[in-house]
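When a ligand or atom number is given, it counts from 1 through the structure's own listing order. Computed from heavy atoms alone, side chains included, the values below leave out hydrogens, waters and symmetry copies.
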Amino acid sequence: MFDSLKERLESIFSGLRGRGKLTEEDVQQALREIRRALLEADVNYKVVKDLVEKIRVRAVGADVLESIMPARQVSAVVYEEIARIMGEGSRGIDISPQPPTLVMMVGLQGGGKTTSSAKLAKKLSKSHKPMLVACDLRRPAAVDQLRVLAGQAGVAFFGPEASETDVVALSQRALAYAASHLIDVLVFDTAGRLAVDEEMMAELDRMKAALDPHEILLVVDAMSGQEALNVAEAFNNRLGVTGVVLSKLDGDARGGAALAVLAATGVPVKFAGVGEGLDAIEQFDPRRMAERIMG
Ligand code: GDP
């Protein structure tokens with residue numbers, strides 16, 4: 001998925017290896033190329049600047065330049081810094097010791113929120129009894145889509161009544177249902193909009209206040225490039241997002257969105273969507289992602 005960036009970095013490192021002993025100028029030149037490769041991969045400018053600076057500080061040092069295999073040392077530094085920017089370790093859903101665990105899925109319409117909710121519920125169903133809750137009161141089609149996906153995933157589904165107008169009342173009914181059906185994880189597929197808007201944010205805010213969820217997972221379309229960053233900042237500033245699901249990573253040939261979102265918001269990417277099927281979700285692993293980028 002990161003083929004282009006990976007190839008670029010590989011060719012930069014093989015150029016360095018071909019030189020044997022490295023001068024500071026060799027490393028500076030490689031850094032300029034790395035910078036260009038990251039920018040062309042759609043990684044945010046500020047993120048690139050910061051990353052390249054960190055690499056420079058470590059790679060230009062005498063211990064690297066005078067080491068036996070300087071080129072390998074430089075690539076190791078680049079790898080470590082890319083992994084570091086993505087956060088340490090791999091993280092799943094934060095399951096509450098006191099059930100039920102409440103997970104609010106938020107994001108823009110079309111970003112992959114409904115699909116990701118169903119994928120997550122299916123994944124969770126291996127060890128828990130999750131229920132999907134359809135919270136979009138304005139789009140009956142979205143409710144139907146989630147009902148169908150819940151059926152395919154083999155997990156419980158809870159939707160609004162025909163006349164339901166209050167998403168908080170719906171959430172409370174869902175909680176009551178869960179309590180009497182031994183449901184231990186509720187995944188709320190909230191209403192999205194085509195763009196960030198105040199009405200949507202206010203509704204999400206009310207839900208958050210009423211539910212006090214353990215996780216607020218923002219679904220961001222990896223293909224949206226730099227826009228992913230703006231969306232992540234808007235949701236995070238308003239709601240305090242606990243994690244990101246990066247959807248459609250299978251289509252993100254440039255590979256910039258993950259880096260950009262993470263580095264700019266500090267919110268960890270917890271899962272990656274890698275296809276349309278309900279099993280096409282992976283726990284996001286920063287080190288593995290760095291390996292993919294670095295080859
Ligand atoms: P929502 O409006 O945010 O709920 O978005 P949907 O869940 O309806 O997804 C929008 C479209 O993106 C659908 O056609 C999904 O099949 C597709 N989609 C969602 N996640 C992924 C993914 O990880 N990879 C790919 N290739 N398609 C995805």
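Under 4.0 Å is where a charged nitrogen must lie from a carboxylate oxygen, and between D212 and K208 no such pair does. Using a 4.0 Å cut-off between a side-chain N of Lys or Arg and a carboxylate O of Asp or Glu, E164 and R173 qualify as a salt bridge. Salt bridge status for R238 with D205: present, with a side-chain N to carboxylate O gap under 4.0 Å. Between R206 and D166 there is a salt bridge, since a side-chain N of the basic residue sits under 4.0 Å from a carboxylate O of the acidic one.
Here the heavy atom of the protein found nearest to atom 8 (O) of ligand 1 is Q145 NE2, 2.9 Å. At the shortest separation from atom 15 (C) of ligand 1 among protein heavy atoms lies T115 OG1, 3.6 Å. The single protein non-hydrogen atom nearest to atom 26 (N) of ligand 1 is D250 OD2, 2.7 Å, given as residue, atom name and distance. Scanning the protein heavy atoms around atom 20 (N) of ligand 1, the nearest turns out to be K119 NZ, 3.9 Å. Scanning all protein heavy atoms for the shortest distance to atom 23 (O) of ligand 1 gives K248 N, 2.9 Å.
The N/O atoms of G110, backbone and side chain alike, include one that comes under 3.5 Å of an N/O atom in ligand 1. For ligand 1, the polar-atom distance check finds an N/O of G275 within less than 3.5 Å of one of the ligand's N/O atoms.
At a cut-off of 3.5 Å, with distance as the only test, a side-chain donor of E227 or N230 sits close to an acceptor on the other residue. Judged by distance alone, the side chains of Q145 and R139 never bring a donor and an acceptor atom under 3.5 Å apart.
Interface of T114 with ligand 1, defined as ligand atoms under 4.0 Å from a residue heavy atom, comprises 1 (P), 4 (O), 7 (O). Under a 4.0 Å criterion applied to the non-hydrogen atoms of Q109, ligand 1 contributes the atoms 2 (O). The contact set between ligand 1 and G112, taken as ligand atoms under 4.0 Å from a residue heavy atom, comprises 1 (P), 3 (O), 5 (O), 6 (P), 7 (O), 9 (O), 19 (C). Within the listing of ligand 1, atoms 23 (O) sit less than 4.0 angstrom from a heavy atom of G273. Residue contact check: V274 has heavy atoms under 4.0 Å from atoms 23 (O) of ligand 1. Residue K113 has at least one heavy-atom neighbour below 4.0 Å for each of these atoms of ligand 1: 1 (P), 3 (O), 4 (O), 5 (O), 7 (O).
Of the candidates M223, E282, R193, E276, E276 brings a heavy atom nearest to atom 27 (N) of ligand 1.
With hydrogens and angles disregarded, no donor-acceptor distance shorter than 3.5 Å links the side chain of S125 to the backbone of V155. A donor-acceptor pair is defined here as one N or O able to donate and one able to accept, closer than 3.5 Å; no such pair exists between the side chain of K270 and the backbone of V245.
L204 CG to R193 CZ: the interatomic distance, rounded to the nearest 0.5 Å, is 8.5 Å.
At a 4.0 Å cut-off, at least one heavy atom of G111 sits close enough to ligand 1 to count as contact. The shortest separation from a heavy atom of G107 to ligand 1 is not under 4.0 Å, leaving the residue out of contact.
Residue contacts with ligand 1, taken as heavy atom pairs separated by less than 4.0 Å, involve L108 solely via the backbone atoms N, CA, C and O.
Hydrophobic side-chain contacts under 4.5 Å tie L278 into a cluster, directly or through other members, with L149.
Among residues at least two apart or in separate chains, there is no ring-ring contact (aromatic ring centres under 6.0 Å, His included) pair with a member in residues 184-231.
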